[in-house]
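Reading through the structure tokens given below for one structure.
Just so it is clear: chains get the letters A, B, ... in the order the sequence lines come, proteins before strands, and each one is counted from 1.
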Amino acid sequence: MSRTILVCVAWPYANSSLHLGHIAGTWLPADIFARYHRLKGNRVLMVSGSDEHGTPITVTAEQEKKSPQEIVDFFHRQHAEGLKALGISIDCYFRTSHPDHKRVAQDFFKELYDRKLIEERPSEAPYCPSCRRFLPDRYVEGVCPNCGALDARGDQCDRCGNTLDPSDLKNPRCRLCGQAPVFRETRLHYLLLSKMEKPLLDFLESRRGWRSSVVNLTRSWIKEGLHDRAITRDLSWGVPVPLEGFSEKSLYVWFEAVIGYFSATQQWARLSGQASAWKEFWEDPKTEAYYFIGKDNIPFHTIIWPAMLLGRGGLNLPANVPANEYLLVSGEKFSKSRGIGAKLNECLAEFDSDQIRYYLASIMPETSDADFSWDGFVSRNNDELLSVIGNLVNRVLALTQRTFGVIPQSGELSSDDRAALAAAERCARDAGLAIEQCEFKKALKEIYVLAQTGNQYVNAQAPWKLAKENPDRARTALHIAIRICRALIIYLSPYTPMMSQKAWAMMGFEAPVPNGVWDQALGPLPANQKLGAVGHLVKRIERDAKTGKEQAANL
RNA sequence: CGCGGGGUAGAGCAGCCUGGUAGCUCGCGAGGCUCAUAACCUCGAGGUCCUUGGUUCAAAUCCAAGCCCCGCAACCA
């Protein structure tokens with residue numbers, strides 16, 4: 001029975017370039033998942049977009065002496081192009097500054113407001129007179145009241161670890177200009193999360209197959225008691241609050257950005273010419289929504305967004321939120337500001353997208369932080385993707401091409417033949433199950449084992465020898481070998497779509513690899529089909545000065 | 001006592017939930033093969049499973065305490 005699956009990917013912030021941490025953390029797992037389900041014949045929609053509001057955008061804009069719109073336009077485009085070049089099969093890459101998103105977000109706010117889940121309250125907020133704006137907590141710095149550290153931030157002190165409020169700081173100053181902020185009365189709107197504890201807990205307990213770290217974190221948040229959260233800000237760069245007298249204020253970016261999953265689906269429907277097609281993905285309770293995010297976003301996707309959905313009613317809740325841990329470089333976090341780690345665009349200029357995808361998938365930080373290294377990248381590419389996987393396809397097809405020119409007819413199967421096919425079948429089952437459970441590293445390992453099985457089979461059969469001694473057996477052995485290769489590249493295509501496409505064409509099939517083919521991957525081959533031009537699938541990466549230099553520059 | 005994750009061969013990791021002779025990939029050593037991108041296949045060397053204590057016939061696995069590393073703490077995937 002065919003399933004319907006909505007794949008949601010965390011919205012990258014449009015004030016700096018994407019780096020490999022974003023890819024390994026969210027984009028690649030989401031894309032593997034989406035591509036796999038298409039291969040299984042399921043209906044899939046994948047949405048995301050640029051998060052374009054909030055103070056960091058305006059700060060970047062001021063530093064660059066540009067308008068916020070210019071900044072987000074630049075990065076939105078760069079992100080969209082980079083993701084496309086990486087082969088991310090997204091159906092709609094939307095943006096929060098789009099008028100249609102703003103309208104959807106405002107409607108969402110009003111729905112919750114009308115249901116009395118949003119309430120106006122007086123509040124005090126730090127305001128910088130010289131910058132003439134309200135400051136987010138993190139933008140207020142001062143002396144920690146607990147340990148006396150000089151550079152504590154309004155949300156916490158890094159030295160003693162205590163959680164702070166901006167008003168706790170002694171000698172507070174604006175991080176942007178250094179002047180002392182004043183505290184001003186303002187009126188903000190609060191999402192009444194405290195009313196939602198029970199439904200959220202019920203929601204959490206009804207989910208199956210979630211990662212334990214996600215469940216634990218969410219459960220502990222709820223257990224500590226949920227606080228009502230301010231979801232509006234005194235900011236001009238954002239979605240205006242849709243209430244009279246509040247149009248000078250904006251919706252808090254995180255309240256507004258998560259609505260993007262919903263608005264992007266509607267945008268996709270409009271562009272596809274069926275404006276109501278979004279309903280299938282949000283209103284049909286059989287549809288499964290998966291949210292691929294980094295661990296820092298867990299509460300937003302397991303508490304705040306579900307609370308919003310529960311409050312509005314009639315929309316699907318997340319089926320799973322397979323949050324990833326972090327990708328580190330030499331034990332340090334990727335950092336936009338400190339220039340640590342590799343940017344996506346720079347990698348794409350240097351390497352094939354599948355080479356990047358294979359390596360990142362093989363070290364994906366699913367259960368703990370993972371370490372990125374150029375040495376590991378070269379090794380995984382040359383020793384695994386090229387030598388074991390690419391080389392298997394290459395040696396089998398090259399020999400077949402030279403010997404027969406076409407896919408040979410299979411004769412009666414020997415026990416070795418059947419054993420090899422059975423191994424491939426096991427691989428398909430185990431790898432498929434692992435991907436469905438969002439265990440992408442495990443699935444890749446299964447697929448790698450299949451390539452090893454293929455190489456063992458080819459070595460044992462020695463079809464180059466058989467071609468001279470026993471042509472009938474040679475035909476059968478190569479037929480089986482090609483069947484395994486075809487299965488291999490189909491199973492691998494969620495990970496390395498370009499390479500699989502190339503191998504598919506070498507086998508003489510017409511592009512592209514069709515949807516729904518996963519379960520037929522091992523089926524009979526069209527005998528006497530003419531092979532395409534056979535060439536190398538994977539480029540060798542030399543451990544040369546260049547890689548060394550990049551290493552030095554990036555580490 | 002803020003919360004979470006982790007510590008297993010030279011490197012990177014799986015196994016732990018559901019105790020039963022320590023496994024995988026890379027690297028290293030020896031052999032085989034010669035279809036294939038110096039690729040492939042076979043065999044081998046290499047480990048006090050962070051420490052200590054407990055439960056048990058039996059602990060990498062369960063329990064307790066401790067040490068160390070990392071992340072989060074509501075505006076970094």
Legend entry - Face-on cation placement of A/Arg121 at A/Tyr190 ring, 6.0 Å and 45° thresholds: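 Yes, a cation-pi geometry.
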
Inset, instruction - Would you kindly check whether a donor in the side chain of A/Arg395 faces an acceptor in the base of B/A39, or vice versa, at under 3.5 angstrom? - result: no

Inset, instruction - Check whether the side chain of A/Asn459 and the base of B/C40 form a donor-acceptor pair under 3.5 Å. - result: yes

Inset, instruction - Using only side-chain N and O atoms of A/Arg219, determine if any of them is under 4.0 Å from OP1 or OP2 of B/C3. - result: no

Legend entry - Below 4.0 Å: OP1/OP2 of B/G7 and any side-chain N or O of A/Ser368: no

Are [X] and [Y] close enough for a salt bridge, meaning some N to O gap below 4.0 Å?
{"X": "A/Lys441", "Y": "A/Glu366", "result": "no"}
{"X": "A/Asp417", "Y": "A/Arg473", "result": "yes"}
{"X": "A/Lys502", "Y": "A/Asp352", "result": "no"}

Inset, instruction - For A/Trp27, report the nucleic acid contact type (base, sugar-phosphate, nothing); a contact means any heavy atom under 4.0 Å. - result: nothing

Inset, instruction - Name the nucleic acid region contacted by A/Asn391, choosing base, sugar-phosphate or nothing; use a 4.0 angstrom heavy-atom cut-off, strictly under. - result: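 Contact class for A/Asn391: base.
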
Inset, instruction - Check the distance between B/C40's C1' and A/Asn394's CG and give it to me in whole angstrom. - result: 12 Å

Legend entry - Atom-to-atom span, CD1 of A/Ile90 to C1' of B/A77 - whole angstrom: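 In whole Å, B/A77 C1' lies 14 Å from A/Ile90 CD1.
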
Closest to side chain of [X], choosing from [options]:
{"X": "A/Ala398", "options": "B/A77, B/U37, B/A36", "answer": "B/A36"}
{"X": "A/His536", "options": "B/C40, B/A36, B/A77", "answer": "B/A36"}
{"X": "A/Ser387", "options": "B/U37, B/A14, B/A39", "answer": "B/A39"}

Inset, instruction - Classify the angle between the aromatic ring planes of A/Phe75 and A/His79 as parallel (below 30°), tilted (30 to 60°) or perpendicular (above 60°). - result: tilted

Inset, instruction - May I ask you to decide if the ring planes of A/Phe377 and A/Tyr359 are parallel, tilted or perpendicular, using 30° and 60° as cut-offs? - result: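 Taking A/Tyr359 first and then A/Phe377, their aromatic rings stand perpendicular (interplane angle over 60°).
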
Legend entry - A/Trp254 and its ring pair (Phe, Tyr, Trp, His ring centres under 6.0 Å) partner, picked from A/Phe300, A/Tyr13, A/Trp305: A/Phe300

Legend entry - Identity of whatever pairs with B/G2 - Watson-Crick or G-U, under 3.5 angstrom: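 Answer to the pairing question: B/C72, which forms a Watson-Crick or G-U pair with B/G2.
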
Inset, instruction - Summarise protein proximity over nucleotides 22-30 of chain B in one line of letters, 5' to 3': B for base, S for sugar-phosphate only, - for none, counting protein heavy atoms closer than 4.0 Å. - result: --BSSS---

